[in-house]
Undergrad: 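Please read through the structure below; I'll follow up with questions.
Note on naming: letters A, B, ... go to the chains in the order of the sequence lines (proteins, then strands), and numbering restarts at 1 for each one.
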2 protein chains.
Amino acid sequence: MNRPTVIDIAREAGVSLATVDRVLNARPGVRAKTIAAVNEAIGRLGYVRDIAAANLARSRSYRMVVLLPDTESQFVQTLEEALREAAASAVTARMGVELIRFAAEDMHALAATLRRLAEEGCSGIALMAPETPVIRDALRALRGQGVPVVALVSDLPNSEPDHYVGIDSRAAGRTAGVLMGRFLGARPPKVMVIANSMHLRESIERRRGFDEVMLRDFPGVEVLQTLETHGSPTALRQVVTEILAAEGTVGGIYLLGSGLRALGRVLSERGLLGHPVIVGHELTPHSREALASGWLDAVIAQNAGHIARSTLRVLRAKADRLPIDESQERLRIEIILRENLPDQPL
Amino acid sequence: MNRPTVIDIAREAGVSLATVDRVLNARPGVRAKTIAAVNEAIGRLGYVRDIAAANLARSRSYRMVVLLPDTESQFVQTLEEALREAAASAVTARMGVELIRFAAEDMHALAATLRRLAEEGCSGIALMAPETPVIRDALRALRGQGVPVVALVSDLPNSEPDHYVGIDSRAAGRTAGVLMGRFLGARPPKVMVIANSMHLRESIERRRGFDEVMLRDFPGVEVLQTLETHGSPTALRQVVTEILAAEGTVGGIYLLGSGLRALGRVLSERGLLGHPVIVGHELTPHSREALASGWLDAVIAQNAGHIARSTLRVLRAKADRLPIDESQERLRIEIILRENLPDQPL
DNA sequence: GCATTTTTGAGGCACGTTCCTCATTTTGCG
DNA sequence: CGCAAAATGAGGAACGTGCCTCAAAAATGC
């Protein structure tokens, strides 16, 4: 038996092809009774629309825009590459993906870009940015126009995006906490926490999750105040040096954000490489190398390739008003040690 | 600018549409020179074949067969469900998926089934089974017929499958090893290892990886001989009881295969629940529950949903002789703790 | 019951391929 | 050079759907 087509539906429902078409595409001018009859026929025959044929006929193409901050962060770079790759294979599905890097500190410029996109029109937008009122309003406007908006990596709870692609930062922090606690072993029960900036949602959430677990499961461990580096390697060197001087040796270091390379240098200079337990976030060339050489103990990561593909799939589904396969789109909080480090994606 | 079509290629190469078609579909009867000219035009214009249109025109549908053992194992069951789900959404892509459970102990019957499939014809086969000579020959015959064969979860290195969907068992064992070693802390440096059967490739490989790491990084820990349960809860109870009597308390238990429920019962009866570090494999309802309640410390898993989707994608690509997106199909060795336990997929 | 509006039918072209057939041209070979 | 074989061209039908128009039928309001 072959798959039923619109023609079969028309015959089964006793209506014409045009009417079936109107029903399928929710066009006006059909009586409720007729709609019901058609839907019933669809159900009876188990009709599934041939999306390939539909898209071919529509000869519709999609313009998806992905906005990433222009920070130097290796993670963002990895993500950009993954998106570029996913975009390349999305051509097959008639999707054009534009990648835009915006000035991370200028939220007004970003809002202007969003407004421009709203004017020009596009089929979907994915955005990785902190949530500010300006951005929230711009996004609301876009959504009002029917443009699907996906929050990337960093959630935008108040802008009500159509979807969030990323992991729960709090849970990620909790995971970092257990690993730190259990890996500490007989080391001094004192842990340093280093962040780029505690103004970022994710940093705050990660630290919260981390503290939750440390307090609950490892009450004997002292977790020091978060040190901020603002992305500067020299600032990192300075705060780490100061703390080591003031607090003596620490058993572990939790790196909330970037700065792995700088941390490696400071530790190596002081002959500490390999001694304290180091837990960080995100799998990048640097963290991969640090894991392989053994001084980085664990990384809590989200799969950039998965994020990229999921983003495009979700945007596409939203643009087509199709449902989303939740189980496929759910991102896992990955724990990566030296032993389960995935092969280099050449 | 729109995407170029076959017509554009024909014009650019100065040949007819028919010739372009012959080249694109590798049909005979075209001179090497002409083929080169067409390919050059394709390169120049950046033509990408519209797969949707191609499949529509071919009106080809695929019959994929997935063969799973009829073992009671929760993992196989989870996998079956994931496959069923993936199959449901594959209908859209004109793929019909048949799931067959075969008698795990009767390899001759399985070989017969494979031969039958070869006769009936199908577009692809995925198989989860140990490699025996009979099976190897049956698979070779299938491959000779041009039917793509994918090894599922358990690799078939000597049958030269077109693809292997699963993780490296040795690396999985190594990962289990590090976690065990580091989690042991101050517990007695003695670890029990329990398997279903040491005749299975995966069990052997996992144990090897585990030993590698224990020897290298935790030389002070004594790893006991592997105990075999042959899938029987009573056998498990017996061997565990015996060992505990002979060896005294152990600091950790590494469960190579299934039997989590039975282990939980034994431990709970002896008041040991939560004391030794327990590391197991695969995320199933049981292991999920054990993780949540805290007595199971870590699970090394491969994502069943990913396996299922990847299998179908790969089979499809192989059937179409299309290249595979390696980075998308690479399975990760997942480490799952209570803190990063993914939400129940309702 | 009539005019008006709403709903439905019939048909055709388009989308980008695949896969035919049949005629025509080009090539290679003796 | 002539002939058979190979290569190419031209064209058309099909795949399942979208989207358009025009006319016909049915429902609605008065």
Side-chain angles (χ1 to χ4, degrees), chain A residues 1-42 45-62 91-95 123 319-322, chain B residues 1-42 45-62 91-95 123 319-322:
Chain A
M1 262 339 252
N2 277 327
R3 276 175 59 177
T5 73
V6 272
I7 302 186
D8 301 315
I9 303 298
R11 196 183 315 120
E12 178 79 14
V15 299
S16 78
L17 229 145
T19 303
V20 174
D21 179 63
R22 289 187 257 256
V23 173
L24 278 176
N25 297 289
R27 272 186 268 274
V30 187
R31 266 182 309 168
K33 219 165 95 182
T34 315
I35 295 184
V38 172
N39 282 326
E40 216 172 285
I42 289 177
L45 268 51
Y47 168 81
V48 227
R49 190 202 296 250
D50 185 326
I51 302 180
N55 284 331
L56 177 59
R58 251 193 283 258
S59 90
R60 170 171 188 182
S61 61
Y62 306 78
V91 173
T92 302
R94 8 175 49 88
M95 280 206 275
S123 353
D320 285 345
R321 287 163 215 286
L322 253 40
Chain B
M1 260 342 251
N2 276 328
R3 276 175 61 176
T5 74
V6 270
I7 303 186
D8 301 314
I9 302 298
R11 198 183 314 121
E12 178 78 13
V15 299
S16 78
L17 226 143
T19 304
V20 174
D21 181 61
R22 289 190 256 258
V23 173
L24 277 176
N25 297 290
R27 271 186 271 272
V30 188
R31 268 182 308 169
K33 221 167 96 182
T34 316
I35 296 185
V38 171
N39 282 327
E40 215 173 285
I42 288 177
L45 295 176
Y47 167 80
V48 227
R49 189 210 224 94
D50 185 323
I51 302 181
N55 284 331
L56 177 58
R58 255 193 280 258
S59 87
R60 170 172 188 183
S61 60
Y62 306 78
V91 174
T92 303
R94 10 176 46 89
M95 280 206 276
S123 351
D320 286 344
R321 288 165 215 286
L322 254 39

Undergrad: Would you sketch DNA chain C in dot-bracket for me? Only Watson-Crick or G-U wobble pairs with both distances under 3.5 Å count, crossing pairs as [ ], other-strand pairs as |, the rest as dots.
TA: ||||||||||||||||||||||||||||||
Undergrad: Check nucleotides 15-19 of chain D for protein N or O atoms closer than 3.5 Å to its own N or O atoms and list the pairs.
TA:
unit_1: D:dC15; atom_1: O2; unit_2: B:L56; atom_2: O; d: 3.3
unit_1: D:dC15; atom_1: O2; unit_2: B:A57; atom_2: N; d: 3.0
unit_1: D:dG16; atom_1: N2; unit_2: A:A53; atom_2: O; d: 3.3
unit_1: D:dT17; atom_1: OP1; unit_2: A:Y47; atom_2: OH; d: 2.5
unit_1: D:dT17; atom_1: OP1; unit_2: A:D50; atom_2: N; d: 3.4
unit_1: D:dT17; atom_1: OP2; unit_2: A:V6; atom_2: N; d: 2.8
unit_1: D:dG18; atom_1: OP1; unit_2: A:N25; atom_2: OD1; d: 3.1
unit_1: D:dG18; atom_1: OP1; unit_2: A:R49; atom_2: NH1; d: 2.1
unit_1: D:dG18; atom_1: OP2; unit_2: A:N25; atom_2: ND2; d: 3.2
unit_1: D:dC19; atom_1: OP2; unit_2: A:R27; atom_2: NH1; d: 3.2

Undergrad: Determine the minimum heavy-atom distance between B:Y62 and B:S123, stating which atoms define it.
TA: CA-OG, 3.3 Å
Undergrad: My understanding is that only one of B:V20, B:V6, B:D8 makes a side-chain contact (heavy atoms from CB on, under 4.5 Å) with B:Y47; could you say which?
TA: B:V6
Undergrad: Mind running side chain to side chain contact (heavy atoms under 4.5 Å, CB included) on B:L45 and B:I9 for me, showing each step along the way?
TA: CA-CA 7 Å; B:L45 295 176; B:I9 302 298; 3.8 Å; yes
Undergrad: Does a side-chain N or O of B:T19 approach OP1 or OP2 of D:dG9 to a distance below 4.0 Å, or not?
TA: yes
Undergrad: Would you list the protein and nucleotides 23-25 of chain C atom pairs, both N or O, that sit under 3.5 Å from each other?
TA:
none

Undergrad: Any residue in residues 29-38 of chain A with a heavy atom nearer than 4.0 angstrom to DNA chain D? Just list them by number, or reply none.
TA: A:R31
Undergrad: Going by salt bridge (charged side-chain N to carboxylate O under 4.0 Å, His left out), name the pairs with one or both residues in residues 47-58 of chain A, residues two or more places apart or in two chains.
TA: A:D50-B:R94
Undergrad: Within this structure, what is the CG-CG distance for the pair A:N39 and A:L24, rounded to the nearest 0.5 Å?
TA: 8.0 Å
Undergrad: Mind calculating the distance between CZ (A:R22) and C1' (D:dT21) to the nearest angstrom?
TA: 11 Å
Undergrad: Listing request: all side chain to side chain donor-acceptor pair (under 3.5 Å) pairs with a residue in residues 12-22 of chain B, at least two apart in sequence or in separate chains.
TA: B:E12-B:R44, B:S16-B:T19, B:D21-B:N25, B:D21-B:R27
Undergrad: Which heavy atom of B:A41 sits nearest to which heavy atom of B:A13, and what is that distance?
TA: CB-CB, 3.8 Å
